[in-house]
Structure formats: C-alpha cells, structure tokens
Amino acid sequence: MHSLKQTDPEISAIIAKEALRQEDELELIASENYTSRAVMEACGSVLTNKYSEGYVGKRYYGGNEYIDEMETLAIARAKELFGAEHVNIQPLSGSPANLAVYMAAVKPGDKVLGLKLDHGGHLSHGHPVNFSGLNYNFSQYEVDEKTQRIDMNKVREVALRERPKMIIAGFSAYSRDIDWKAFKSIADEVGAVTFADIAHIAGLIAGKALENPVAIFDIVTTTTHKTLRGPRGAIIMCKSRFQKDVDRTVFPGIQGGPHDHINAAKAVCFKEALQPSFRAYATQTIKNAQAMAGELMQRGYKILTDGTDNHLMVVDLRSKDVTGKIAEVALEKVGISCSRSTIPFDTRKALDPSGIRLGTPALTTRGMGTAEAILVAGLIDDAVRHHADDAKLNGIRAQIRELCRQFPLYGNDA
Ligand code: DSN
C-alpha cells in the first residue's frame with residue numbers, strides 16, 4: 001500500500017508543517033501535551049480497522065480475540081495506575097465521558113452542583129448551552145471573590161440549600177489543590193453522588209504529585225491527552241456499584257464501536273505513566289509552573305490565587321492594560337501558544353476576556369526545567385509589553401525558536 005506522502009501529498013505536507021510548528025514553537029496551552037512516538041504508533045496502527053461493539057468477552061462482532069487482549073491489559077494498567085475498582089476505557093473524549101456519568105448516576109431534571117465555567121469549571125459541568133446545563137437542573141458554586149479559591153464553607157452552604165443528587169469537583173482553569181475529602185463529606189451530608197473530573201491533573205495524580213480522589217469519590221473521569229500525555233480520549237473510573245450503569249451508558253447508551261487504536265494508545269500511556277520517570281515528570285511540571293508564576297508575579301502580573309499548586313495558572317491582565325485576546329495574539333506572533341481565559345467575575349466577554357491561561361505540561365515534556373520556565377516568563381512579559389511592535393516581536397520569536405531547538409521534540413521524522 002502507498003504511504004501518506006504518495007497518496008495524499010497535500011495532507012502529508014500540512015502534517016509536516018504542523019510537526020515543524022510543534023518543534024519550533026512553545027506550547028503553553030495547559031490542556032495540551034506531546035505524546036511519545038510509542039503512543040502515536042499505536043494510534044496509527046491496524047487496530048483502526050476493527051469493530052468491537054461491546055466489552056471484553058461480549059462483543060457484537062467476530063475477530064476480537066486480540067482486541068479483548070488489548071482492552072483487558074489497558075483496564076488492568078489503568079486500575080493499577082489510579083487504584084480504581086472499575087475502569088471503562090472506551091469513552092471517545094472528555095465530554096462524552098461526562099455525559100455517560102450523568103446518564104449513569106442521575107436523571108434528566110435532577111439537581112446537580114458544579115463549578116461555574118468562568119470561575120474555572122468546564123462547559124460540561126453545567127453551562128446553560130451544554131447538554132449538562134440543558135438537561136439537568138444545575139446550581140453552580142463560585143470561587144471566593146477575594147482569594148479566587150474554592151471556599152468549602154460556601155460549597156456546603158449551596159449544597160445544603162439546593163440538596164443536589166450529584167456534586168462535581170474538577171476544573172479546567174483553577175490552580176489550587178481540591179479538597180476531595182471535604183467534597184465527599186458535603187456530598188454525604190446531602191446524600192449526593194460524588195463525581196470528580198480530573199482531566200487536567202490526571203497525570204499529576206498518576207505521578208503521585210497530587211492527591212488521588214479515586215478511592216474517595218464514587219465516579220471519576222479523565223481525558224488521557226493532557227498531563228497524562230496519552231492519545232486524545234477519556235476513561236471513566238468508578239466504584240463497583242456503578243460499574244453496570246456506567247458501562248451500559250457508554251455502550252450502547254452513547255457510543256457504538258470503540259476506537260481500538262486509541263484504546264491501545266491509552267494502554268501505552270498508562271504503561272508510561274507507571275514508570276518512575278513519570279513521577280519525576282509530574283513533580284517537575286508543577287515546579288516549572290510555580291517558577292513561571294513566581295517570575296510573572298515578580299514582573300507585576302496578577303496570578304489568580306497568587307500562585308499555583310498544579311500545572312497551570314490564570315493571569316489577570318487588567319493591571320497591564322491588555323486584554324486576553326491581545327496577549328494571546330502577541331504570544332502567537334512570537335511562537336507561544338496559550339489560551340485566553342475569563343477570570344472570575346470578569347466584566348469582559350469570553351471571546352476577549354481579561355486573562356490568559358498558561359500551563360507547563362508540554363514544556364516539561366520537552367525537558368525544560370525551572371531556569372527555562374523563568375526565561376519563558378520573561379519572554380512572555382516582553383511580548384505582552386511590546387504587543388504592538390512587530391519588529392520587537394520578531395526578535396522574541398527568534399529567541400523562542402532558539403530555545404526550542406535546544407530541547408528538540410521528535411526531530412525530523414515526526
Ligand atoms: N478544552 C479543554 C481545556 O482546554 O481545558 C477542556 O476540555
């Protein structure tokens with residue numbers, strides 16, 4: 001059979017350009033990372049050819065002997081990594097995984113409690129335009145206006161008032177530890193199911209750098225492509241009593257055939273995350289984020305909560321008189337990808353909010369340490385200050401490219 005280059009030179013050339021972009025630019029989007037070649041090899045394998053609706057030993061198609069072997073191994077590794085009673089590795093991505101949890105644990109119209117999106121939550125935690133907010137009766141807790149931290153007394157207050165059937169803990173833009181036990185105790189007080197979405201911090205948990213909620217919570221979801229450094233996808237972990245309902249909602253409730261090539265790549269990433277070197281990676285990712293946040297604060301930037309316990313930080317740009325969009329565009333011009341971000345109680349709109357979110361998972365995968373994190377913080381400051389000066393931005397871009405070349409990613413044959 002022909003190679004991609006022979007069959008489709010246009011797509012092949014686009015992939016080559018993206019590979020070069022990834023080599024030569026700095027990735028500071030907190031939810032992105034670089035997988036290993038081994039993970040990508042599994043993603044690009046013949047397993048993409050197979051249909052395997054159902055679960056191990058109970059498929060609706062023949063020829064699944066090796067797929068069963070792969071899925072069994074993936075589940076065993078995920079259980080070992082997170083200490084889960086049950087794991088479903090088939091969810092296609094984070095939102096479908098979360099949808100499966102809602103369908104398994106509550107009924108449409110039931111009350112659910114989650115962190116508000118512009119306070120660091122996620123669309124699927126109850127935003128009115130998302131299936132979660134459309135189908136369930138959401139109350140949302142917020143961070144404290146002064147500290148920008150989740151105040152567990154306030155969460156308890158809302159929970160006692162609303163008496164939700166399920167409480168969600170988890171975030172996509174919050175930089176402090178979550179008090180899992182306090183969430184569990186509030187949920188027990190009101191008789192709610194506990195659901196943790198650890199998509200952002202799963203790798204830090206797997207690397208033993210943050211507390212693991214899997215033994216504490218009823219149901220936990222995570223994507224596999226963020227700090228966990230695997231392929232795009234997700235898994236659901238739960239107590240045995242939710243096993244049947246969770247499995248039934250993933251298939252046949254929501255999905256058809258699982259993506260076996262991606263699930264094999266998940267197994268590879270679990271194996272990688274079980275290695276001692278992954279612990280060093282998780283710890284270094286946090287140290288790098290703390291170094292970057294520290295340097296930015298030294299340079300007069302307001303970091304929400306005045307620092308970070310994990311891999312990310314949200315920078316409030318109001319004191320610098322630039323918007324999130326202006327900063328994001330300036331950073332893109334110098335070869336740094338980041339995402340604009342609302343800040344709690346933001347008066348600006350989501351498309352041009354008051355902040356940006358930065359994260360260190362990808363930069364740490366390249367092998368960068370705290371010295372580079374501090375250097376990058378300085379370059380971010382330079383780019384934001386000179387956002388209207390293209391000549392200056394070009395100079396910064398050259399510095400970024402030079403730094404990236406010192407920490408090569410995949411080399412020429414990505
Ligand atoms: N889009 C992801 C993020 O950037 O945090 C969450 O789904």
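Numbers here are sequence positions counted from 1.
- Proximity of a side-chain donor or acceptor of Gln148 to a complementary backbone N or O of Lys146 within less than 3.5 Å is detected.
- The two residues Ala97 and Ile236 make their nearest non-hydrogen contact at O-CD1, 3.6 Å.
- For Thr308 against Leu312, the heavy-atom pair with the smallest separation is OG1-O, 2.7 Å.
- If you check the side chains of Asp346 and Ser354, you find a donor sitting under 3.5 Å from an acceptor.
- Scored by the ring-ring contact (aromatic ring centres under 6.0 Å, His included) test, Phe242 finds no partners at all (sequence neighbours excluded).
- Sorted by first then second residue, the salt bridge (Lys or Arg N to Asp or Glu O under 4.0 Å) pairs that include residues 299-311, not counting sequence neighbours, are Arg176-Asp309, Glu295-Arg299, Arg299-Asp381, Lys302-Asp306.
- Applying the side chain to side chain donor-acceptor pair (under 3.5 Å) criterion to Lys111, with sequence neighbours excluded, gives Glu162.
- Atoms CG and OG1, from Asn98 and Thr221 in turn, are 4.0 Å apart once rounded to the nearest 0.5 Å.
- Looking at Tyr141 and Asp151, their side chains never bring a donor and an acceptor atom within 3.5 Å of each other.
- For the pair Lys320 and Tyr301, the distance from NZ or CZ to the six-membered ring centre is under 6.0 Å and the angle to the ring normal is within 45 degrees.
- Within the 4.5 Å cutoff, side-chain heavy atoms of Cys269 are placed close to those of Pro231.
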Where do Arg21 and Glu18 land on the salt bridge (Lys or Arg N to Asp or Glu O under 4.0 Å) test, with the steps shown first? CA-CA 5 Å; Arg21 188 194 71 80; Glu18 173 60 12; 2.8 Å; yes
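- Residues satisfying the side-chain contact (heavy atoms from CB on, under 4.5 Å) criterion with Ala383, sequence neighbours excluded, are Leu331, Val334, Leu393, Ile396.
- Proximity of Val106 to Val193: side-chain heavy atoms (C-beta onward) are nowhere separated by under 4.5 Å.
- When all heavy atoms of Ser124 and Ser95 are compared, the pair lying nearest together is CB-OG, 4.1 Å.
- By the 4.5 Å heavy-atom criterion applied to side chains, Ile235 and Thr222 are counted as neighbours.
- Using a 4.5 Å heavy-atom cutoff, the side chains of Glu80 and Leu274 are in contact.
- Asp177 has its side chain out of reach of Glu211: every pair of non-hydrogen atoms, C-beta onward, lies at least 4.5 Å apart.
- In this model, no donor atom of one side chain and acceptor atom of the other lie less than 3.5 Å apart for Thr360 and Thr285.
- The side-chain heavy atoms of Ile400 and Glu25, taken from C-beta on, include no pair separated by under 4.5 Å.
- Under the ring-ring contact (aromatic ring centres under 6.0 Å, His included) criterion, His387 pairs with no residue, sequence neighbours left out.
- Residues Ala42 and Val268 share a closest heavy-atom pair of CB-CG2, 4.2 Å.
- When the side-chain contact (heavy atoms from CB on, under 4.5 Å) test is applied to Ala327, the partners found at least two apart in sequence or on another chain are Leu317, Ile356, Val384.
- At most 12 heavy atoms of other shown residues, nucleotides or ligands fall within 6.0 angstrom of atom NZ in Lys325.
- Ile380 is listed as a side-chain neighbour of Leu358, based on a closest heavy-atom distance under 4.5 Å.
- Partners of His125 according to the ring-ring contact (aromatic ring centres under 6.0 Å, His included) rule, which considers only residues two or more places apart in sequence or in another chain, are His122.
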Please determine whether side chain to side chain contact (heavy atoms under 4.5 Å, CB included) holds for the pair Asp390 and Lys333, giving the CA-CA distance in whole Å, both sets of side-chain angles, and the decisive distance to 0.1 Å. CA-CA 8 Å; Asp390 278 347; Lys333 283 186 182 170; 3.3 Å; yes
Could you walk me through whether Tyr174 and Asn310 pass the side-chain hydrogen bond (donor to acceptor under 3.5 Å, both in side chains) check? CA-CA 9 Å; Tyr174 183 71; Asn310 57 34; over 6 Å; no
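- Residues Phe171 and Ile150 form no side-chain contact, since every pair of their non-hydrogen atoms from C-beta on lies 4.5 Å or further apart.
- Side-chain N/O atoms of Ser240 and Glu85 include a donor and acceptor closer than 3.5 Å.
- Listed by chain and residue number, nothing satisfies the ring-ring contact (aromatic ring centres under 6.0 Å, His included) test with Tyr34 (two or more places apart in sequence, or in another chain).
- With sequence neighbours left out, the side-chain contact (heavy atoms from CB on, under 4.5 Å) criterion links Gln284 to Lys287, Asn288, Thr364, Thr370.
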Arg405 and Glu23: salt bridge (Lys or Arg N to Asp or Glu O under 4.0 Å), yes or no, with the steps? CA-CA 7 Å; Arg405 290 193 174 164; Glu23 283 289 339; over 6 Å; no
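- For the residue pair Ser36 / Glu272, a side-chain donor-acceptor distance below 3.5 Å is found, with atom types taken as modelled.
- In this structure, Asn49 places its CG atom where more than 12 heavy-atom neighbours from other residues, nucleotides or ligands lie under 6.0 Å away.
- Nearest heavy atom pair, residue His225 against residue Ser93, reads CE1-OG, 4.1 Å.
- Ring geometry for Phe131 against Tyr102 counts as perpendicular: the plane angle is over 60°, on a 0 to 90° scale with 30° as the lower cut.
- By the side chain to side chain donor-acceptor pair (under 3.5 Å) test, Gln275 is found to be paired with no residue, residues two or more places apart in sequence or in another chain being considered.
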Apply the test side chain to side chain contact (heavy atoms under 4.5 Å, CB included) to residues Val158 and Leu113: give CA-CA distance (whole Å), side-chain angles for both, the deciding distance (0.1 Å), then the verdict. CA-CA 8 Å; Val158 186; Leu113 187 58; 3.6 Å; yes
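- Atom CZ of Arg232 has 12 or fewer heavy atoms from other residues, nucleotides or ligands within 6.0 Å.
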Stepwise salt bridge (Lys or Arg N to Asp or Glu O under 4.0 Å) test for Asp110 and Lys107: CA-CA 5 Å; Asp110 275 352; Lys107 293 191 184 62; 5.4 Å; no
Run the side-chain hydrogen bond (donor to acceptor under 3.5 Å, both in side chains) test on Arg229 and Thr365 for me, step by step, so that the C-alpha distance in whole Å, both residues' side-chain angles and the decisive distance to 0.1 Å come before the verdict. CA-CA 9 Å; Arg229 217 161 58 180; Thr365 294; 3.1 Å; yes
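- For Thr48, the side-chain contact (heavy atoms from CB on, under 4.5 Å) partners are His261, not counting sequence neighbours.
- The distance from atom CD of Glu372 to atom CG of Leu363, rounded to the nearest 0.5 Å, is 8.0 Å.
- With hydrogens and angles disregarded, a donor-acceptor distance shorter than 3.5 Å links the side chain of Asn33 to the backbone of Lys226.
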Begin from the C-alpha positions of Arg318 and Asp316 and carry the test salt bridge (Lys or Arg N to Asp or Glu O under 4.0 Å) through to its verdict. CA-CA 6 Å; Arg318 288 175 302 182; Asp316 176 350; 2.7 Å; yes
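- Checked against side chain to side chain donor-acceptor pair (under 3.5 Å), Glu189 has the following partners two or more places apart in sequence or in another chain: Arg156.
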Pair His119-Phe345, ring pair (Phe, Tyr, Trp, His ring centres under 6.0 Å): steps then yes or no: CA-CA 8 Å; His119 286 237; Phe345 309 100; 4.6 Å; yes
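- Partner Phe217 forms a side-chain contact (heavy atoms from CB on, under 4.5 Å) with one of Asn212, Thr194, Ile167 and no other, that one being Thr194.
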